[in-house]
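Only one structure is covered here, and it is reproduced in the block below.
Remember, it's a predicted structure, so these values are computed and weren't measured experimentally. Residue indices begin at 1 and follow the sequence shown.
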Amino acid sequence: MRILLAHGDGGALTHQLVTKLFRPAFADAALEAEGDSALLASQTGQMAVTTDSFVIDPLEFPGGDIGSLAVTGTVNDLAVSGAVPAYLTVGFIVEEGLELECLRRIVTSMAQTARAAGVRIVAGDTKVVEKGKGDGLFINTTGIGWVPESGRLGIGLIQPGDRVVINGPIAEHAVAVLSGRAGLQFAEPVQSDCAPLNRLIHAMLEQFRTIRFMRDPTRGGVATTLKEIALQTGFDIALEEALLPVRPVIRGALELLGLEPYYLANEGKVLIIVGPEEADRLVDFLRQQDQAMAGLIGQVTIGTGNLWLQTPFGGRRNLSLMAGAPLPRIC
C-alpha cells in the first residue's frame, strides 16, 4: 500500500493513518486526548524551545533514518543548550506514492528513539502533497525542554585558555548517508553516529562545573561550528589536525572522495568548551561512558575570530565557514 492524496484530506484515510499508525507508535496521553493543542505540565524556571526540519536523502541510511534523525537532532539542540528535553511535536509532509510500510518503519524508529531519549511526542500534523512535489517525506519538529540552571552555559562565558573537547569520531553521518545515496561499499561497515546525547550531556554538566558552552557540529561540521564560535566571541581557536578523531575507514573514504572530515556533518557529536583544569578529566569521563575516541582537539586563544588548523607538519591553515554544501540533503 502507498500514500494517497486522500491520506491528507482530513477524512477517513487521514483518520486511519492517525489511529492505526501514528497514535499506536507514539502512545502518549496528550495525543490520545485528540485536542487542537496538547496540555502539558509546566515547570518553574527557564524554558528552551527549538525547531528544525529534516529533508535527508535517502530516507533510510546505514545507522538511521529520517525519523531517528529528527528526534536526535531536536533533542541534541536542546541538550547542548543546557536544557532537559521533555516534549516534541512532529509535522509530516508526505509525498503521494510513498510506501506505507516505509512510513511505518520511520515512525516506529522515531518512537523508539524518543523513548530512548526520555522525551514525549505530544502533538503532530500530517499533510500529503502530489507525487513529484515532496521527495518522499519531510519532517518538521519542535522541541521543548526545561533549563534547570539558568545562566549555566553561554558563549559569553568562553575565555582564552579554555579547551575544545569532542566526544568521538567525526564525519560518520555524512559518509553513511553518502554510502546509502550512492550505493558505495567500504572495507568495513560505515554507520551514522545518529544518537541522542541528552543523558550524556546531563551527566557531564553535573560533574564538570567549568563547561562553558556546547554545540553539536551537524551541517558544516566541526570547522564551521568552531568558526561560528570564534566569530561570536572574537577569540581565536587553534584546532589540532592530528588530534581530530577520524576512524581509518572514514579517513580512507574521504581521501578517495577528496573531502575534508572537519567540514562534514555529524549527528551524535558534541563540541564542549571547558576550563583547562577539567579538560583531561572530562576526556577520561567521556571515554568511560562508551565514547572511546573522545579527545581534546583544540584551544581558545586571544585573537580576532580566526579558526586555525594546526597541521602535523608545523604549519597552520586559516579555516573559514563552509562555502557551498559538499553533500546536500544531509539532514
Side-chain angles (χ1 to χ4, degrees), residues 1-3 21 52-74 76 92-113 116 128-141 168-196 216-224 244-269 293 322-331:
M1 295 181 64
R2 295 181 181 272
I3 293 292
L21 198 157
D52 208 343
S53 297
F54 300 86
V55 296
I56 195 165
D57 174 32
L59 298 178
E60 298 172 290
F61 48 85
D65 53 67
I66 192 172
S68 61
L69 178 66
V71 174
T72 292
T74 310
N76 290 348
F92 296 92
I93 300 176
V94 192
E95 184 184 27
E96 178 188 18
L98 180 70
E99 293 183 358
L100 273 170
E101 187 53 39
C102 176
L103 181 60
R104 188 180 304 279
R105 288 195 303 271
I106 288 167
V107 169
T108 299
S109 172
M110 201 169 194
Q112 290 171 344
T113 307
V128 179
V129 297
E130 294 91 341
K131 189 173 181 61
K133 296 187 177 180
D135 212 5
L137 175 65
F138 298 150
I139 296 179
N140 174 268
T141 57
I170 62 174
E172 297 190 329
H173 175 69
V175 174
V177 171
L178 179 61
S179 71
R181 184 180 300 174
L184 299 177
Q185 299 291 324
F186 301 107
E188 302 173 29
V190 173
Q191 291 201 329
S192 170
D193 60 344
C194 183
D216 50 340
T218 52
R219 285 178 298 173
V222 167
T224 296
L244 287 172
V246 184
R247 295 187 196 277
V249 63
I250 301 294
R251 191 180 298 279
L254 295 180
E255 288 176 355
L256 181 67
L257 297 166
L259 297 172
E260 295 174 309
Y262 38 81
Y263 277 117
L264 296 182
N266 312 273
E267 289 295 342
K269 297 297 174 289
M293 293 182 71
M322 186 176 69
L327 294 177
R329 299 283 304 280
I330 202 74
C331 57

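Between Leu98 and Gly136, the shortest heavy-atom contact is CD2-O, 3.8 Å. In terms of heavy-atom proximity, Thr72 sits nearest to Ala195 at CG2-O, 3.2 Å. Nearest heavy atoms, Val246 versus Arg251: CB-NH2, 3.4 Å. The shortest heavy-atom contact between Met322 and Tyr263 is SD-O, 3.6 Å. For Asn266 against Ala171, the heavy-atom pair with the smallest separation is OD1-N, 2.6 Å. The two residues Lys269 and Asp193 come nearest to each other via the heavy atoms NZ-OD2, 3.1 Å.
A heavy-atom distance below 4.5 Å is found between the side chains of Leu103 and Leu137. Side-chain contact between Ile56 and Glu267: absent, with no pair of heavy atoms (C-beta onward) separated by less than 4.5 Å. At a threshold of 4.5 Å between non-hydrogen side-chain atoms, the residues Thr113 and Pro196 count as touching. A 4.5 Å side-chain heavy-atom check between Leu59 and Asp65 finds every atom pair outside the cut-off. Side-chain contact between Phe138 and Val129 is absent, with no heavy atoms from C-beta onward closer than 4.5 Å.
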Determine, stepwise, if the pair Ile66 / Phe92 fulfils side-chain contact (heavy atoms from CB on, under 4.5 Å). CA-CA 11 Å; Ile66 192 172; Phe92 296 92; over 6 Å; no
Val71 vs Thr141, test: side-chain contact (heavy atoms from CB on, under 4.5 Å). Steps then yes/no. CA-CA 8 Å; Val71 174; Thr141 57; over 6 Å; no
Leu254 and Val175: CA distance, side-chain angles, deciding distance, side-chain contact (heavy atoms from CB on, under 4.5 Å) verdict: CA-CA 8 Å; Leu254 295 180; Val175 174; 3.7 Å; yes
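Atoms CD1 and CG, on Ile330 and Leu264 in that order, are 7.5 Å from each other to the nearest 0.5 Å. Interatomic distance, CG of Leu69 versus CE of Met110, reported as 9.5 Å (0.5 Å rounding). In this structure, Leu184 CG and Leu178 CG are separated by 5.0 Å, a value rounded to the nearest 0.5 Å. Distance check, rounded to the nearest 0.5 Å: CG of Asp135 to NZ of Lys133 gives 14.0 Å. Remark: Phe61 CZ to Ser68 OG distance equals 5.0 Å, nearest 0.5 Å. Atom OG of residue Ser109 and atom CD of residue Glu60 lie 8.5 Å apart, to the nearest 0.5 angstrom.
Judged by distance alone, the side chain of Arg329 and the main-chain N or O of Val55 form a donor-acceptor pair under 3.5 Å. In terms of modelled atom types and a separation under 3.5 Å, the side chain of Asp52 and the main chain of Asn140 share no donor-acceptor contact.
In the displayed structure, Gln185 atom CD is contacted under 6.0 Å by at most 12 heavy atoms of other residues, nucleotides or ligands.
A search for side chain to side chain donor-acceptor pair (under 3.5 Å) contacts involving Glu188 returns nothing, not counting sequence neighbours.
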